[in-house]
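Lettering follows sequence order; numbering is per chain, from 1. All values reported here derive from a predicted model rather than from experimental measurement. Values below: every heavy atom of this structure, side chains too, minus hydrogens, waters and symmetry copies.
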There are 2 protein chains.
Amino acid sequence: MDNQTFRDFFLGFIKIHILYHAAKEPIYGQEFADELNRHGYKISFGTLYPIFHRLEQKGLLIAENKNVKGKVRKYYIITEKGNEILKEARLKAKELVDELFEN
Amino acid sequence: MDNQTFRDFFLGFIKIHILYHAAKEPIYGQEFADELNRHGYKISFGTLYPIFHRLEQKGLLIAENKNVKGKVRKYYIITEKGNEILKEARLKAKELVDELFEN
DNA sequence: TACATTAATATCGAATTCCGATAACGATAT
DNA sequence: ATATCGTTATCGGAATTCGATATTAATGTA
């Protein structure tokens with residue numbers, strides 16, 4: 001599968017995963033991108049950061065700046081609203097994927 | 001979940017579902033849109049038809065015009081390449097969704 | 001003090017995609 | 001002939017995506 005098709009199909013999944021990870025612990029862009037890379041998923045910062053910004057604007061994440069070894073990191077954690085959306089999205093995602101395996 | 005968020009998260013899933021359905025039987029736009037609607041998923045024709053066109057251009061679907069009761073329908077079926085992509089996408093989708101339920 | 005380095009976020013402009021609305025199509029019915 | 005019907009195509013504006021580049025702020029080092 002070429003990269004363009006991959007992103008076309010899976011960028012939405014990745015957005016849900018952002019919520020999922022931000023529900024478990026605070027996350028920040030660089031680290032999240034690295035983890036995606038480790039799993040073979042590439043996403044440009046020019047795509048990733050605006051996604052964080054929009055999720056924040058929609059009230060699904062909140063950001064907090066933190067100084068770590070002199071570098072400013074922007075940690076995101078999920079909001080209550082974000083958690084509701086996450087649960088809903090997770091169920092829908094499961095339904096849709098289960099269907100793909102129905103004969 | 002508002003409609004915009006929904007589409008943002010799930011349009012990729014829907015594209016995979018297009019391949020899935022076109023692998024089972026010939027599908028056409030109007031009918032596919034109706035079925036999405038029945039399941040509560042709304043997608044505009046201005047979005048749907050270009051998706052079909054691009055999947056065709058990429059060689060994942062092929063189209064065949066058919067006259068049904070005097071109306072021209074464009075039936076799409078999956079290609080061999082499309083089938084490979086579908087299988088790959090389905091596995092990745094399953095992995096990603098399973099992860100969402102870990103812990 | 002100045003300057004380079006580093007980890008990280010922000011933003012740019014071009015290309016692509018998405019969307020609701022509108023147009024177009026071609027066959028049948030009136 | 002023209003109205004209607006089911007269907008596909010396309011329009012223009014908005015939003016998103018992308019790779020590349022700029023920016024930030026603290027630290028290290030000369």
Measuring from the side chain of [X] (C-beta onward, heavy atoms only), which nucleotide among [options] has the closest atom?
X	options	answer
B:T47	C:dC18, C:dA10, D:dA9	C:dC18
B:Q30	C:dG26, D:dT7, C:dA8	D:dT7
B:K15	D:dG19, C:dT17, D:dT17	C:dT17

Within a 6.0 Å radius of atom CD on A:E64, are there more than 12 heavy atoms belonging to other residues, nucleotides or ligands?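 Atom CD in A:E64 is not packed in, count stays at 12 or less.
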- Task: Inspect the contact between A:D98 and A:K94 and indicate whether a charged nitrogen and a carboxylate oxygen are less than 4.0 angstrom apart.
- Result: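 A:D98 and A:K94: salt-bridged.
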Below 4.0 angstrom from OP1 or OP2 of [N], is there any side-chain N or O of [X]?
X	N	result
A:Y28	C:dA8	yes
B:Y49	D:dT8	yes
B:K74	D:dA9	yes
B:R7	C:dG20	yes
A:R54	D:dT17	yes

Closer to the 5' end of DNA chain D via nearest nucleotide, is it A:P50 or A:N67?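 With A:P50 and A:N67 compared, the 5'-side residue is A:P50.
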Self-check item: B:Q4 or B:D34, whichever maps to the more 5' nucleotide of DNA chain D
Solution: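 Here B:D34 is the residue nearer the 5' end.
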Just the rounded figure in Å: distance from P of C:dG20 to NZ of B:K42.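 Computing the B:K42:NZ to C:dG20:P distance gives 10 Å.
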Integer-rounded Å distance: D:dA9 C1' and B:Q57 CD: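 Those two atoms, CD and C1', are 14 Å apart.
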**Message:** Measuring from atom CZ of B:R73 to atom CG of B:N65, what distance do you get when rounded to the nearest 0.5 angstrom?
**Reply:**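 It is 12.0 Å, given to the nearest 0.5 Å.
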task: Could you tell me if the ring centre of A:Y76 sits under 6.0 Å from that of A:F52?
output: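 Yes, the ring of A:Y76 comes within the 6.0 Å limit of the ring of A:F52, centre to centre.
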